[in-house]
Every structure is written in C-alpha cells, then in structure tokens.
Amino acid sequence: MNARLDLLQPYPFTKLRALLANAVITSHHPHINLSIGEPKHATPRLIEEAIKNNLSGLSSYPPTKGDTALREAIANWIARRYDIPPPDAETQILPCTGSREALFSFVQATIKGGPNSLVICPNPFYQIYEGATLLAGSTPYFLNADPSKNFGSNWSSITADVWENTELVFVCSPGNPAGNVMPLEEWKTLFELSDRHGFVIASDECYSEIYFSDNEKPIGGLQAAQLLGRPNYHNLVCFSSLSKRSNVPGMRSGFVAGDARLLEKFLLYRTYHGSAMSPVFSAASIAAWNDEEHVKANRALYKAKFEAVYPILAEVLDVKMPDASFYLWASTPMADDEFTLRLYEQEHVTVLPGSYLARDAHGTNPGRNRIRIALVAPLEQCVEGAQRIARFIKNNC
C-alpha cells in the first residue's frame, strides 16, 4: 500500500462520532444535527425532470472533457454571475464530478512533490486540501486564520523561504468555516506573489451562491483576475459546484475553470483518472446552471434561518454573521470538544468542534474553543437548536 496513506488523519466527522460514542444523553428532545454542511433543502423540480428526461444517456460513455453544451452553459453562467467575459468553453472550462474529486485530483496532476515541496492551506480548512497534498508527496504549510482580518489570511506572515518552496496555494472563499470572503485587494496581493514565486492558486468557491444581499455578492477568483487585468487567468484555477447552489450534493456536479495551460494538463490526467460526468447528470447540470430562480429561493431560505438564529446565539456566544455560506463560527466558553459533548448529552444537539477542522500550527490551533454550526436543517429545527444551545450555556456557564 501507499505509505503516504498513513499520514492521513481521521476525518472531522470520524472524530466527532468517537467523541459522542459513549455519551450519556439526558435530554428527551429529538436530535437536531447542526454539525455537517450537507444541504437539506429540496432538489429543484427542473433538475429532477431533466434527469428523468435524459435517462437514455445511461447507454453512452461520457466524454472526459464534458459535453460541449455543458461547458458552454458553465461559461455563460460565469459571465452572468461575475459580469465578466465568458471563459473559453473549449480551453478554460472542465466539468467535474463535484468539486471534491477535482480539488484532490488537481493537486496530483499539478505539483511535483518532494522533500522541499510545500502547499499552503488555510487553517481551519477543508480536509481534502491536506489529504491531496500529502498523497501527492508534498507537505502542507498551514496559514492560520486571522480574526483581525475577518478570519482571512495574513500573507505577509509567510517568509521568503516558504514562498520559494510553495507549489500551490489553496484559497477558500467564501470560507469554511467562518464564511469570510477574500477582498479584491487580497487577490491582488496573492496574484503578485504568484507571479513572483510561480505557484498555482486553487480557489475553492463552492459556497459562492449562499449570500445575503444582491449588493454584496462574493467576488470570485476569475472576476478578480479580470478586474486586475489578468484575462488569461495565469496560474489560477477556480472550483465550483452545484451541491450547495442547487441542493444536489448527491449528483456530484461541478466545474474547474481558469488557466487553459493548466487545464490542458489536467484534462490529460483526467483521461487516465477516469472521472467523467454521466450524460444524465450533464443534462441536469445544464438545466441547473441555466436557471437562477431556484437559487434565489434557496438563498431566501438560508437568509430566513440566519435572521432567526443569529440573534438567539449572539446573546450567549461570541459570534458574527458570515459574509456568505451557511455556517456560524462561534467561540465557546469551554473547550470546544467538551462543549460539543455536553451539549449533545444535555440538549441532544450536535455541532462540530472547531479544533477538528484545524491543525496545530505556529503554536496554536486556530479552531480551538470554537464550534461550527451548520444551518442546513429546516428553519424550525435551526431555531430550536439555537434555543437549546442558549439554554445549555445559561445552565452551564
């Protein structure tokens, strides 16, 4: 077996199950799960209908490059969403079977690896970044979230020797877990650093469509590049998905867009890697990318939940509204794992300890004494869950 597999840590939810395995539940309330970021809103009917109407696609092998009509639909969506020229559907777009597999495989195809190779990851982070890095033979360099920068990154804290060995930088905006959006000025800094040191930027944007005001849409990497005079997207690739936008996490549909030079090599890798989207889901994806009404309705549901839940939690926790996404990133009055266990036992509510989403780096774990709360359950459950959390804090702190 690949010895690098031994470097992988348990997934956060594996740790959570172990934490709660021997819990003694004293609450008689039904369980409310606010721990996992899995969309629970109904799948739009137009997507279901597109699947039913295209089942004949099951009899065909899918092209690795993806259906031309799908690539064009994605390119046109990017143009509408970010008010930029559409990327070249032939060379700058690749459909993928969800952003997760694409994020992982892109690292395998892109970096050389070796004893000095580094990949910069935000900390806390989506664990795929770390696993992809380790299995590609590189070492993660964790850049701790800076609360003074809205839980963003302090690029100036990275030394020259680290930059010189960096092959790739992961960006997650809107962020998981804090929901922070990287501003244009920070994109400018990162592009300049990439030009100076030659690393690739992999921008994970799967939460881009969960925001609260049409006047404050999260900026995307391709948009930032266009605004800063980089129309060829040099050393930049962006990853997006329908999972959160359109409530189809089980469909596994997303895309990679950006630097044509990088995508050409990535396509070659994928030809052997074997990830190609079913024609059935390709047709459904076209229907999804071409429609915004269901996305507006989805955002309205999340907005209603935040408006109801945030005031309840803000009274008892140090928490702020995110720029985007469906998470609240709150500090806890006790150790985050103890808080999670006792909350589960006393109120039958599950949240995720923040330290499970981060690594010890630079003398601290930036997720310690924080919890991530995912507002994916129905409104009534989210409100009741928030009320139980508030009651737990009042009774224990």
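Since we're looking at a predicted model, the values are computed, not measured.
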Q: For salt bridge (charged side-chain N to carboxylate O under 4.0 Å, His left out), just list the numbers for Arg245 and Glu292, CA-CA rounded to whole Å, side-chain angles, deciding distance to a tenth of an Å, and then say yes or no.
A: CA-CA 10 Å; Arg245 174 189 182 271; Glu292 287 299 320; 2.8 Å; yes

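- Summarising the local packing, CG of Asn22 is surrounded by 12 or fewer heavy atoms from other residues, nucleotides or ligands at distances under 6.0 Å.
- Tyr61 belongs to no hydrophobic cluster with other residues, because no ILVMFWY side-chain heavy atom falls under 4.5 Å from its own, directly or through intermediates.
- A salt bridge does not link Glu209 with Lys244: none of the charged nitrogens is closer than 4.0 Å to a carboxylate oxygen.
- Salt bridge annotation for Glu293-Lys296: present, with a cationic side-chain nitrogen under 4.0 angstrom from a carboxylate oxygen.
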Q: Run the numbers on His362 and Asn144 for side chain to side chain donor-acceptor pair (under 3.5 Å), then give the verdict.
A: CA-CA 8 Å; His362 317 293; Asn144 291 348; 4.9 Å; no

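- No side-chain donor-acceptor contact under 3.5 Å links Tyr211 and Tyr302.
- By the 4.5 Å heavy-atom criterion applied to side chains, Ile51 and Met251 are counted as neighbours.
- In summary, the side chains of Asn116 and Asn165 do not present any donor paired with an acceptor at a separation below 3.5 Å, with no hydrogens or angles considered.
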Q.
Is there a side chain to side chain donor-acceptor pair (under 3.5 Å) between Glu167 and Ser117? Walk through the geometry before answering.
A. CA-CA 7 Å; Glu167 293 197 72; Ser117 171; 2.5 Å; yes

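- Here Pro122 pairs with Phe125, Tyr129, Phe170 under the side chain to side chain contact (heavy atoms under 4.5 Å, CB included) rule; sequence neighbours left out.
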Side-chain donor-acceptor pairs of residues 148-155 under 3.5 Å, sequence neighbours excluded:
from   : atom 1 : to     : atom 2 : distance (Å)
Ser148 : OG     : Asp146 : OD1    : 2.6
Ser148 : OG     : Asp146 : OD2    : 3.2
Asn150 : OD1    : Lys320 : NZ     : 3.0
Asn150 : ND2    : Asp323 : OD2    : 2.9
Asn154 : OD1    : Ser156 : N      : 3.3
Asn154 : OD1    : Ser156 : OG     : 2.6
Trp155 : NE1    : Glu186 : OE2    : 3.0

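- Gln223 and Trp187 share no donor-acceptor pair across their side chains, judged by distance under 3.5 Å alone.
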Q. After noting the C-alpha distance and the side-chain angles of Tyr356 and Tyr11, does the key distance pass the ring-ring contact (aromatic ring centres under 6.0 Å, His included) rule?
A. CA-CA 8 Å; Tyr356 290 8; Tyr11 220 59; over 10 Å; no

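- Under 4.0 Å is where a charged nitrogen must lie from a carboxylate oxygen, and between Lys305 and Glu307 no such pair does.
- Salt bridge status for Glu347 with Arg342: absent, with no side-chain N to carboxylate O gap under 4.0 Å.
- Ile210 approaches Phe326 most closely through the heavy-atom pair CG2-N, 4.1 Å.
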Just list the side-chain donor-acceptor pairs under 3.5 Å for residues 278-289, sequence neighbours left out, or say none.
from   : atom 1 : to     : atom 2 : distance (Å)
Ser278 : OG     : Val280 : N      : 3.1
Ser285 : OG     : Ser253 : OG     : 2.6
Ser285 : OG     : Phe281 : O      : 2.6

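- Side-chain N/O atoms of Asn235 and Arg261 include a donor and acceptor closer than 3.5 Å.
- Using bins of under 30°, 30° to 60° and over 60° for the plane-to-plane angle, the ring pair His31/His348 lands in the tilted bin.
- No option in Glu338, Gln346, Arg391 other than Gln346 meets the side-chain hydrogen bond (donor to acceptor under 3.5 Å, both in side chains) test with Asn396.
- Summarising the hydrophobic clusters (Ile, Leu, Val, Met, Phe, Trp, Tyr; side-chain heavy atoms under 4.5 Å, direct or chained), the residues clustered with Leu268 are Tyr272.
- Sequence neighbours left out, the pairs with a member in residues 220-247 that pass ring pair (Phe, Tyr, Trp, His ring centres under 6.0 Å) are Phe106-Phe239.
- A salt bridge is absent between Arg252 and Glu101; no separation between the charged side-chain nitrogens and carboxylate oxygens falls under 4.0 Å.
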Q. Side chain to side chain donor-acceptor pair (under 3.5 Å) between Asp259 and Asn232: does it pass, once the steps are laid out?
A. CA-CA 6 Å; Asp259 188 333; Asn232 66 346; over 6 Å; no

